[in-house]
Amino acid sequence: MLKCRDLVRVASDYLDGELDWRQRLSVWTHLAICGHCRTFLGNLRATTALMRGHSDNRAREALVRRIDERVAEALARAEDPP
Amino acid sequence: MDTQVTDNQEAQLIRGLRARDESAFREAVRNYTPGMMAVARFYLDHAAAEDVVQDCWVTVVTAIRDFEGRSGLKTWLHRIVANRCKNRLRTAHREVNTEFSDALEPELAKRFDARGHWQSPPRQRWSEAADALLENGALNDCLDKHLGHLPETQRSALMLYEAHQRRSDEVCNILGVSASNLRVLLHRARQKIFLMVETFQETGEC
(Lines give C-alpha, C1' and ligand atoms only; values in the text may rest on other atoms or scores of the structure.)
Protein backbone atom coordinates (compact mmCIF):
# COMPACT_ATOMS: atom_id res chain seq x y z
CA MET A 1 0.00 0.00 0.00
CA LEU A 2 1.41 3.36 -1.06
CA LYS A 3 2.28 5.76 1.78
CA CYS A 4 2.17 9.54 1.53
CA ARG A 5 5.98 9.66 1.49
CA ASP A 6 6.07 7.17 -1.40
CA LEU A 7 3.60 9.27 -3.34
CA VAL A 8 5.71 12.39 -2.85
CA ARG A 9 8.76 10.45 -4.00
CA VAL A 10 7.14 9.49 -7.33
CA ALA A 11 5.05 12.65 -7.78
CA SER A 12 7.10 14.11 -10.65
CA ASP A 13 7.15 10.78 -12.47
CA TYR A 14 3.38 10.64 -12.09
CA LEU A 15 2.86 14.18 -13.40
CA ASP A 16 5.18 13.55 -16.36
CA GLY A 17 3.47 10.28 -17.28
CA GLU A 18 6.53 8.18 -16.46
CA LEU A 19 4.80 5.58 -14.25
CA ASP A 20 3.51 2.25 -15.53
CA TRP A 21 -0.18 1.40 -15.16
CA ARG A 22 0.31 -0.56 -11.94
CA GLN A 23 2.09 2.36 -10.27
CA ARG A 24 -0.50 4.80 -11.60
CA LEU A 25 -3.26 2.67 -10.15
CA SER A 26 -1.67 2.74 -6.70
CA VAL A 27 -1.28 6.53 -6.96
CA TRP A 28 -4.97 6.90 -7.88
CA THR A 29 -6.03 4.63 -5.03
CA HIS A 30 -3.99 6.65 -2.58
CA LEU A 31 -5.26 9.98 -3.90
CA ALA A 32 -8.85 8.78 -3.52
CA ILE A 33 -8.39 8.51 0.24
CA CYS A 34 -5.78 11.20 1.00
CA GLY A 35 -6.65 14.89 0.82
CA HIS A 36 -3.16 16.00 1.87
CA CYS A 37 -1.59 14.22 -1.07
CA ARG A 38 -4.24 15.62 -3.44
CA THR A 39 -3.27 19.09 -2.23
CA PHE A 40 0.43 18.32 -2.53
CA LEU A 41 0.07 16.97 -6.06
CA GLY A 42 -2.08 19.93 -7.14
CA ASN A 43 0.51 22.33 -5.74
CA LEU A 44 3.41 20.49 -7.38
CA ARG A 45 1.50 20.65 -10.67
CA ALA A 46 1.08 24.41 -10.15
CA THR A 47 4.84 24.61 -9.52
CA THR A 48 5.62 22.96 -12.86
CA ALA A 49 3.16 25.26 -14.64
CA LEU A 50 4.85 28.20 -12.95
CA MET A 51 8.24 27.07 -14.25
CA ARG A 52 6.83 26.73 -17.75
CA GLY A 53 5.68 30.32 -17.71
CA HIS A 54 8.88 31.58 -16.16
CA SER A 55 11.78 33.10 -17.99
CA ASP A 56 14.79 34.89 -16.66
CA ASN A 57 14.64 37.60 -19.33
CA ARG A 58 15.89 40.53 -17.33
CA ALA A 59 19.08 38.84 -16.19
CA ARG A 60 19.72 37.81 -19.79
CA GLU A 61 19.44 41.15 -21.55
CA ALA A 62 22.93 42.35 -20.64
CA LEU A 63 24.52 39.12 -21.85
CA VAL A 64 22.60 39.26 -25.14
CA ARG A 65 23.84 42.81 -25.77
CA ARG A 66 27.46 41.78 -25.14
CA ILE A 67 27.06 38.89 -27.56
CA ASP A 68 25.60 41.25 -30.20
CA GLU A 69 28.73 43.42 -29.95
CA ARG A 70 31.14 40.49 -30.22
CA VAL A 71 29.22 38.95 -33.13
CA ALA A 72 29.26 42.31 -34.93
CA GLU A 73 33.06 42.47 -34.48
CA ALA A 74 33.45 38.88 -35.70
CA LEU A 75 31.24 39.61 -38.72
CA ALA A 76 33.36 42.64 -39.57
CA ARG A 77 36.51 40.49 -39.40
CA ALA A 78 35.04 37.59 -41.41
CA GLU A 79 35.42 37.59 -45.18
CA ASP A 80 32.50 38.51 -47.37
CA PRO A 81 30.07 35.67 -48.02
CA PRO A 82 30.84 33.71 -51.18
CA MET B 1 11.19 32.08 -22.93
CA ASP B 2 12.54 29.87 -25.61
CA THR B 3 10.93 30.66 -28.92
CA GLN B 4 9.30 27.78 -30.70
CA VAL B 5 10.79 27.91 -34.17
CA THR B 6 9.19 26.10 -37.07
CA ASP B 7 11.38 24.21 -39.56
CA ASN B 8 10.64 26.84 -42.15
CA GLN B 9 11.59 29.75 -39.92
CA GLU B 10 14.70 27.87 -38.87
CA ALA B 11 15.77 27.25 -42.47
CA GLN B 12 15.32 30.95 -43.19
CA LEU B 13 17.32 31.87 -40.11
CA ILE B 14 20.15 29.50 -41.10
CA ARG B 15 20.28 31.10 -44.56
CA GLY B 16 20.61 34.48 -42.87
CA LEU B 17 23.40 33.24 -40.59
CA ARG B 18 25.28 31.70 -43.53
CA ALA B 19 25.00 35.01 -45.38
CA ARG B 20 26.44 36.67 -42.26
CA ASP B 21 23.42 38.88 -41.93
CA GLU B 22 23.72 40.77 -38.66
CA SER B 23 19.97 40.88 -38.02
CA ALA B 24 19.79 37.09 -38.40
CA PHE B 25 22.49 36.81 -35.75
CA ARG B 26 20.62 39.17 -33.47
CA GLU B 27 17.51 37.04 -33.80
CA ALA B 28 19.40 33.78 -33.28
CA VAL B 29 21.24 35.15 -30.24
CA ARG B 30 17.91 36.05 -28.65
CA ASN B 31 16.28 32.71 -29.47
CA TYR B 32 19.06 30.35 -28.50
CA THR B 33 21.15 32.01 -25.79
CA PRO B 34 18.82 30.97 -22.92
CA GLY B 35 19.10 27.27 -23.76
CA MET B 36 22.85 27.58 -24.35
CA MET B 37 23.28 29.21 -20.94
CA ALA B 38 21.30 26.39 -19.32
CA VAL B 39 23.66 23.87 -20.90
CA ALA B 40 26.78 25.79 -19.91
CA ARG B 41 25.58 26.23 -16.34
CA PHE B 42 25.48 22.47 -16.00
CA TYR B 43 29.25 22.44 -16.24
CA LEU B 44 30.42 25.86 -15.12
CA ASP B 45 29.71 28.68 -12.72
CA HIS B 46 27.65 31.58 -14.03
CA ALA B 47 30.51 33.87 -15.07
CA ALA B 48 32.42 31.09 -16.86
CA ALA B 49 29.19 29.95 -18.54
CA GLU B 50 28.62 33.46 -19.91
CA ASP B 51 32.19 33.52 -21.28
CA VAL B 52 31.72 30.20 -23.04
CA VAL B 53 28.38 31.19 -24.57
CA GLN B 54 29.84 34.47 -25.88
CA ASP B 55 32.82 32.61 -27.39
CA CYS B 56 30.50 30.08 -28.98
CA TRP B 57 28.57 32.79 -30.82
CA VAL B 58 31.81 34.20 -32.19
CA THR B 59 32.69 30.70 -33.41
CA VAL B 60 29.27 30.32 -35.01
CA VAL B 61 30.00 33.27 -37.34
CA THR B 62 32.42 31.03 -39.26
CA ALA B 63 31.27 27.53 -38.20
CA ILE B 64 27.71 27.97 -39.46
CA ARG B 65 28.97 27.30 -43.01
CA ASP B 66 29.89 23.77 -41.87
CA PHE B 67 26.49 23.18 -40.29
CA GLU B 68 24.93 20.38 -42.32
CA GLY B 69 21.45 20.48 -40.86
CA ARG B 70 21.47 16.84 -39.79
CA SER B 71 20.36 17.95 -36.35
CA GLY B 72 18.34 21.04 -35.53
CA LEU B 73 20.15 24.34 -35.12
CA LYS B 74 19.43 24.34 -31.40
CA THR B 75 20.91 20.86 -30.88
CA TRP B 76 23.96 21.84 -32.90
CA LEU B 77 24.49 25.00 -30.82
CA HIS B 78 24.03 23.10 -27.57
CA ARG B 79 26.60 20.53 -28.67
CA ILE B 80 29.13 23.29 -29.38
CA VAL B 81 28.51 24.74 -25.93
CA ALA B 82 28.79 21.35 -24.19
CA ASN B 83 32.07 20.53 -26.00
CA ARG B 84 33.58 23.88 -25.11
CA CYS B 85 32.59 23.47 -21.49
CA LYS B 86 34.08 19.98 -21.35
CA ASN B 87 37.33 21.24 -22.88
CA ARG B 88 37.48 24.06 -20.41
CA LEU B 89 36.94 21.68 -17.52
CA ARG B 90 39.50 19.24 -18.87
CA THR B 91 42.14 21.93 -19.04
CA ALA B 92 41.18 23.19 -15.61
CA HIS B 93 41.36 19.63 -14.20
CA ARG B 94 37.99 20.08 -12.63
CA GLU B 95 35.48 17.37 -11.98
CA VAL B 96 31.79 17.81 -12.66
CA ASN B 97 29.98 16.95 -9.47
CA THR B 98 26.67 15.28 -9.95
CA GLU B 99 24.29 14.41 -7.21
CA PHE B 100 21.79 11.65 -7.89
CA SER B 101 20.97 10.42 -4.41
CA ASP B 102 17.49 10.06 -2.94
CA ALA B 103 14.53 11.37 -4.91
CA LEU B 104 13.13 13.01 -1.80
CA GLU B 105 14.29 16.51 -0.86
CA PRO B 106 15.55 16.46 2.78
CA GLU B 107 13.38 19.47 3.76
CA LEU B 108 10.31 17.65 2.53
CA ALA B 109 11.37 14.24 3.90
CA LYS B 110 11.28 15.77 7.41
CA ARG B 111 7.57 16.38 7.07
CA PHE B 112 6.58 12.70 7.32
CA ASP B 113 6.25 10.54 10.42
CA ALA B 114 7.96 7.18 10.86
CA ARG B 115 5.09 5.39 9.08
CA GLY B 116 5.40 7.62 6.05
CA HIS B 117 2.28 9.73 6.69
CA TRP B 118 2.21 13.50 6.48
CA GLN B 119 3.13 15.07 9.81
CA SER B 120 3.24 18.56 8.39
CA PRO B 121 0.98 18.43 5.32
CA PRO B 122 0.63 21.22 2.77
CA ARG B 123 -1.76 23.72 4.32
CA GLN B 124 -3.09 25.60 1.32
CA ARG B 125 -4.28 24.56 -2.09
CA TRP B 126 -2.81 26.94 -4.65
CA SER B 127 -4.46 28.02 -7.80
CA GLU B 128 -3.52 25.62 -10.56
CA ALA B 129 -3.55 28.49 -13.01
CA ALA B 130 0.08 29.48 -13.33
CA ASP B 131 -1.04 32.82 -14.78
CA ALA B 132 -2.49 33.84 -11.44
CA LEU B 133 0.75 32.94 -9.65
CA LEU B 134 2.90 34.58 -12.31
CA GLU B 135 1.04 37.87 -12.07
CA ASN B 136 2.73 38.26 -8.72
CA GLY B 137 5.94 40.15 -9.55
CA ALA B 138 7.44 39.52 -6.12
CA LEU B 139 6.98 35.79 -6.59
CA ASN B 140 8.78 36.01 -9.92
CA ASP B 141 11.74 37.78 -8.30
CA CYS B 142 11.78 35.13 -5.60
CA LEU B 143 11.74 32.40 -8.26
CA ASP B 144 14.74 34.01 -10.00
CA LYS B 145 16.62 34.09 -6.73
CA HIS B 146 15.92 30.47 -5.86
CA LEU B 147 16.68 29.22 -9.36
CA GLY B 148 20.06 30.91 -9.02
CA HIS B 149 20.70 28.98 -5.82
CA LEU B 150 19.81 25.53 -7.19
CA PRO B 151 22.73 23.15 -7.76
CA GLU B 152 23.79 23.63 -11.37
CA THR B 153 22.77 20.17 -12.48
CA GLN B 154 19.24 20.56 -11.13
CA ARG B 155 18.89 24.07 -12.47
CA SER B 156 19.90 23.09 -16.00
CA ALA B 157 17.61 20.05 -16.00
CA LEU B 158 14.69 22.15 -14.82
CA MET B 159 15.27 25.04 -17.22
CA LEU B 160 15.78 22.80 -20.26
CA TYR B 161 12.87 20.48 -19.51
CA GLU B 162 10.39 22.92 -18.07
CA ALA B 163 11.11 26.48 -19.19
CA HIS B 164 12.50 25.51 -22.61
CA GLN B 165 10.20 22.51 -23.05
CA ARG B 166 12.89 20.14 -24.31
CA ARG B 167 12.04 16.42 -24.51
CA SER B 168 13.67 14.24 -21.85
CA ASP B 169 15.84 12.32 -24.32
CA GLU B 170 17.17 15.63 -25.65
CA VAL B 171 17.88 16.90 -22.14
CA CYS B 172 19.71 13.64 -21.32
CA ASN B 173 21.80 14.01 -24.47
CA ILE B 174 22.66 17.62 -23.81
CA LEU B 175 23.55 17.11 -20.18
CA GLY B 176 25.09 13.67 -20.60
CA VAL B 177 23.00 12.06 -17.86
CA SER B 178 20.92 8.88 -17.85
CA ALA B 179 17.12 8.98 -18.00
CA SER B 180 16.83 7.87 -14.38
CA ASN B 181 19.31 10.53 -13.24
CA LEU B 182 17.32 13.17 -15.08
CA ARG B 183 14.16 12.05 -13.24
CA VAL B 184 15.92 12.58 -9.90
CA LEU B 185 17.37 15.96 -10.93
CA LEU B 186 13.96 17.21 -12.07
CA HIS B 187 12.10 15.97 -9.04
CA ARG B 188 14.63 17.41 -6.59
CA ALA B 189 14.57 20.78 -8.33
CA ARG B 190 10.76 20.87 -8.42
CA GLN B 191 10.53 20.04 -4.73
CA LYS B 192 12.89 22.91 -3.90
CA ILE B 193 10.82 25.33 -5.98
CA PHE B 194 7.64 23.89 -4.44
CA LEU B 195 8.99 24.60 -0.94
CA MET B 196 9.96 28.11 -1.98
CA VAL B 197 6.51 28.89 -3.39
CA GLU B 198 4.88 27.39 -0.30
CA THR B 199 6.87 29.66 2.03
CA PHE B 200 6.12 32.62 -0.20
CA GLN B 201 2.39 31.89 -0.33
CA GLU B 202 2.16 31.48 3.42
CA THR B 203 4.43 34.24 4.69
CA GLY B 204 4.85 36.57 1.71
CA GLU B 205 8.58 36.24 2.29
CA CYS B 206 11.19 34.92 -0.06
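Being a predicted model, the structure only gives us computed values, none of them experimental. Chain letters run A, B, ... following the sequence lines, proteins first, then strands; residues in each count from 1.
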Colleague: Indicate the atoms forming the closest heavy-atom contact of B:Gly116 with A:Lys3, along with that distance.
Modeller: O-CB, 3.7 Å
Colleague: If we only count heavy atoms from C-beta on, is the B:His187 to A:Asp16 side-chain gap below 4.5 Å?
Modeller: no
Colleague: If you measure from CZ on A:Arg38 to CZ on B:Arg125, what distance do you get to the nearest 0.5 Å?
Modeller: 7.5 Å
Colleague: Any idea which of B:Val53, B:Val61, B:Thr62, B:Val60 has the most non-hydrogen atom pairs under 4.5 angstrom with chain A?
Modeller: B:Val61
Colleague: Looking at CG of A:Asp6 and CZ of B:Phe112, how far apart are the two atoms once the value is rounded to the nearest 0.5 Å?
Modeller: 9.0 Å
Colleague: Just how far is it from atom CG of A:Leu75 to atom CG of B:Leu17, taken to the nearest 0.5 Å?
Modeller: 9.5 Å
Colleague: Mark yes when over 12 heavy atoms from residues, nucleotides or ligands other than B:Asp169 sit less than 6.0 Å from its CG; otherwise mark no.
Modeller: yes
Colleague: For B:Thr59, which atoms come within 4.5 Å of any heavy atom of chain A: side chain, backbone, both, or neither?
Modeller: neither
Colleague: Treating B:Arg183 as the side-chain partner and A:Ser12 as the backbone partner, does any N or O pair qualify as donor plus acceptor under 3.5 Å?
Modeller: yes
Colleague: Please report the interatomic distance CD1(B:Ile193) to CG(A:Leu50), rounded to the nearest 0.5 Å.
Modeller: 8.5 Å
Colleague: Which atoms of B:Gln124 come close to chain A, meaning under 4.5 Å heavy atom to heavy atom: side chain ones, backbone ones, both, or neither?
Modeller: backbone
Colleague: With the side chain counted from C-beta on, respond yes when A:Val71 and B:Glu22 share a heavy-atom pair under 4.5 Å apart, and no when they do not.
Modeller: no
Colleague: Do A:Met51 and B:Leu147 touch side chain to side chain, with heavy atoms closer than 4.5 Å?
Modeller: yes
Colleague: Please classify the contact of A:Glu73 with chain B as side chain, backbone, both or neither, using a heavy-atom distance under 4.5 Å.
Modeller: neither
Colleague: Can you say whether B:Arg115 sits under 4.5 Å from chain A via the side chain, the backbone, both, or neither, judging by heavy atoms?
Modeller: backbone
Colleague: Is any side-chain heavy atom of A:Phe40 less than 4.5 Å from a side-chain heavy atom of B:Leu108?
Modeller: yes
Colleague: Any idea which of A:Leu7, A:Val10, A:Asp13 has the most non-hydrogen atom pairs under 4.5 angstrom with chain B?
Modeller: A:Asp13
Colleague: Counting only heavy atoms not in B:Glu107, do more than 12 sit closer than 6.0 Å to its CD atom?
Modeller: no
Colleague: So, for A:Asn43 and B:Phe194, which heavy atoms are closest and what is the spacing to 0.1 Å?
Modeller: CB-CE1, 3.5 Å
Colleague: Rounded to the nearest 0.5 Å, what separates atom OH in B:Tyr161 from atom OG1 in A:Thr48?
Modeller: 9.0 Å
Colleague: Heavy atoms only, distances under 4.5 angstrom: which of B:Glu198, B:Arg26, B:Glu105, B:Arg190 has the most pairs with chain A? Name it, please.
Modeller: B:Arg190
Colleague: Go through the atoms of B:Asp55 and report whether side chain, backbone, both or neither lie under 4.5 Å from a heavy atom of chain A.
Modeller: both
Colleague: Looking at A:Asp68 and B:Arg30, does any basic side-chain N land under 4.0 Å from a carboxylate oxygen?
Modeller: yes
Colleague: Report the distance from atom CD of B:Gln54 to atom CD of A:Glu69, rounding to the nearest 0.5 Å.
Modeller: 9.0 Å
